[in-house]
Amino acid sequence: MIRIDGLRPAALGLTLAVLLSACTTPPLLQGPPEITALPPPAIQTPPPVSPRVAALAESLTRMAALQERLYRVAAPLLINNAELCKNSARNLLAFTAKNRFSYGGDLNEAAHVAFGMNDRLQVTGVLAGSGAARAGLHRGDRLLSVGGKPVPTGPNALPLAGAIFGPLIASQSTLAFVVERDGAERQIGIPVTRACGYNVELGNTDYVNSYADGARVLVTRGMINFTRGDSELAYPLAKGIAHNILAHAAMQRNAGTISDVIENLVRVQPDLNQLITGGGIKAMPQDLDAAADRLSLYLLARAGYDIEGVDDFWKRLAATYPASVLTGYVANHPATAFRLAAIEKAAAEVKAKQAAKKPLVP
């Protein structure tokens with residue numbers, strides 16, 4: 001910003017000089033003094049964005065919209081099922097945050113172009129129905145301080161911030177944040193939220209699949225596009241959460257392999273060659289798969305989702321992308337007939353408990 005008042009002392013000195021000379025010398029008959037206009041201040045134009053960075057920024061924007069939808073659909077599943085998540089239930093702040101250093105290479109600049117990110121942590125997602133959402137935290141808010149302590153900035157901001165947040169979450173029911181929004185500071189008290197402590201991730205591929213590694217649930221862009229509305233999107237999310245609750249990836253000694261697949265697919269430009277043969281993931285045994293299907297119906301009902309269409313969804317998925325499609329969900333979960341029988345039985349259980357107004361506990 002150019003300060004105009006920086007010109008005032010010089011202008012004042014010029015006026016005094018004219019007045020003093022007028023006292024000693026008769027004024028000349030002449031026209032008004034010529035006024036020379038000051039040049040306009042220089043406009044700081046941002047450097048041009050390369051086509052590659054612009055394309056990456058568009059990709060980040062599209063991914064952010066899909067990720068936001070995943071958070072919205074997953075929120076009631078995570079919050080309303082804390083009781084069933086056993087050892088994985090946690091007190092959470094229920095929002096995610098990143099800065100431009102959370103993205104490497106050209107993505108650093110792309111994050112700045114797409115979201116205006118700088119070295120300060122910026123909220124990228126808020127779990128619907130959580131304490132953070134009720135308190136009014138918004139996507140895009142920049143985190144300035146928490147509990148009177150400044151929130152770290154720069155390349156290591158996220159792990160450093162986690163070291164500050166952790167003890168506060170353990171000792172306080174509400175954390176006092178100061179955030180920046182639209183250039184103004186706001187104070188927000190964010191209550192912690194009890195929820196299943198699983199991260200929900202977007203897989204950046206059109207392959208129709210989802211994965212659960214014990215700590216995370218990933219749903220691909222292809223699976224999102226296959227679903228018909230949010231209720232159907234909740235079905236693979238609930239199934240993944242059920243697999244995590246039941247520790248199926250660990251039982252199959254498959255957690256590391258699935259984790260590698262998830263790490264690959266969350267990238268803006270994943271290596272899809274790794275998935276051509278199924279990513280090395282073992283097929284889920286039918287008894288484990290059926291157990292996860294049964295639990296998923298309870299999770300869905302407790303979250304307020306309609307379970308009427310669950311069996312039709314999995315039938316349609318198996319018919320459209322059968323087990324012969326190695327990159328698809330059914331290749332990893334091939335026991336469709338066995339699963340459908342378990343789903344039908346579990347749906348009857350849930351409906352009977354709902355009718356009798358009994359607790360929805362499997």
Original post:
When you look at N225 and T220, which way does the side chain to side chain contact (heavy atoms under 4.5 Å, CB included) test go after all the steps?
Top reply: CA-CA 9 Å; N225 292 334; T220 66; over 6 Å; no

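- Taking each heavy atom of R100 and A111 in turn, the nearest pair found is CA-CB, 4.3 Å.
- Of all the heavy atoms in L143 and V151, the pair that sits closest is O-CB, 3.7 Å.
- In this structure, the side chain of S130 engages the main chain of A133 through a donor-acceptor pair within 3.5 Å.
- Here the OH-OG1 distance, from Y71 to T124, works out to 5.5 Å after rounding to the nearest 0.5 Å.
- Checking side-chain atoms of N99 against main-chain N and O of G154 turns up a donor-acceptor pair under 3.5 Å.
- Although no hydrogens or angles enter the test, the distance criterion places a donor-acceptor pair under 3.5 Å between the side chain of S171 and the main chain of P167.
- Contact annotation: the side chain of P362 never approaches that of E349 to less than 4.5 Å [non-hydrogen atoms, C-beta and beyond].
- Counting all heavy atoms, side chain and backbone alike, N81 lies closest to C196 at O-SG, 3.4 Å.
- To the nearest 0.5 angstrom, Q67 atom CD is 12.5 Å from R69 atom CZ.
- Side-chain atoms of L77 and Y305, non-hydrogen and from C-beta on, do get closer than 4.5 Å to each other.
- Side chain of R316 to backbone of F226: a donor-acceptor contact under 3.5 angstrom is found.
- Judged purely by atom type and a 3.5 angstrom limit, N264 uses its side chain to pair as donor or acceptor with the backbone of D271.
- Heavy-atom contacts from other residues, nucleotides or ligands closer than 6.0 Å to CD of E344 number 12 or fewer.
- With values rounded to the nearest 0.5 angstrom, I224 atom CD1 is found 5.0 Å from L202 atom CG.
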Original post:
Can you check side chain to side chain contact (heavy atoms under 4.5 Å, CB included) on V200 and I241, steps first, answer last?
Top reply: CA-CA 9 Å; V200 176; I241 293 172; 5.8 Å; no

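- Checked against Y235 for a side-chain contact (heavy atoms from CB on, under 4.5 Å), the options L297, V73, V310 give a single hit: V310.
- Between L265 and L272, some side-chain heavy-atom pair lies under the 4.5 Å cut-off.
- Linking ILVMFWY residues whenever their side-chain heavy atoms come closer than 4.5 Å, directly or via other members, places I307 and L233 in the same cluster.
- At a threshold of 4.5 Å between non-hydrogen side-chain atoms, the residues H243 and S296 do not count as touching.
- With a 6.0 Å radius and a threshold of 12 heavy atoms from other residues, nucleotides or ligands, K345 has its NZ atom at or below the threshold.
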**OP:** Run the numbers on Y103 and M117 for side chain to side chain contact (heavy atoms under 4.5 Å, CB included), then give the verdict.
**Re:** CA-CA 10 Å; Y103 305 87; M117 282 186 175; 3.8 Å; yes

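- With values rounded to the nearest 0.5 angstrom, N332 atom CG is found 5.0 Å from I281 atom CD1.
- Nearest heavy-atom pair, V361 versus K353, reported as atom, atom and distance to 0.1 Å: O-NZ, 2.6 Å.
- Side chain of R90 to main chain of N87: a donor-acceptor pair is present (N/O by atom type, distance under 3.5 Å, no hydrogens or angles).
- In this structure, D141 contributes its side chain and H138 its backbone to a donor-acceptor pair below 3.5 Å.
- Separating the CZ atom in R139 from the CD atom in E68 is a distance of 4.5 Å, to the nearest 0.5 Å.
- In this structure, V208 and Y329 have side chains that are not in contact, with every pair of non-hydrogen atoms separated by 4.5 Å or more.
- Side-chain atoms of N209 come within 3.5 Å of backbone N or O of T327 as a donor-acceptor pair.
- Ion pairing between a basic and an acidic side chain is recognised when a charged N comes within 4.0 Å of a carboxylate O; K239 and D293 show such pairing.
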Subject >> side chain to side chain contact (heavy atoms under 4.5 Å, CB included) between W314 and T336, intermediate numbers included >> reply: CA-CA 8 Å; W314 293 115; T336 300; 5.8 Å; no

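- For A57 against A114, the heavy-atom pair with the smallest separation is O-CB, 3.6 Å.
- Proximity of a side-chain donor or acceptor of Q172 to a complementary backbone N or O of G147 within less than 3.5 Å is not detected.
- Counting heavy atoms from C-beta on, the side chains of L246 and L288 never come closer than 4.5 Å.
- A salt bridge links R216 with E263; the closest basic N to acidic carboxylate O contact falls under 4.0 Å.
- Rounded to the nearest 0.5 Å, atoms NZ (K86) and CD1 (I245) are 7.5 Å apart.
- Taking 4.5 Å as the limit, every side-chain heavy atom of D106 sits out of range of all side-chain heavy atoms of E109.
- Between D289 and H248 there is no side-chain heavy-atom pair separated by less than 4.5 Å.
- Using a distance-only test at 3.5 Å, with no hydrogens or angles considered, no donor-acceptor pair links the side chain of E180 to the main chain of R142.
- In terms of heavy-atom proximity, A292 sits nearest to A242 at O-CB, 3.3 Å.
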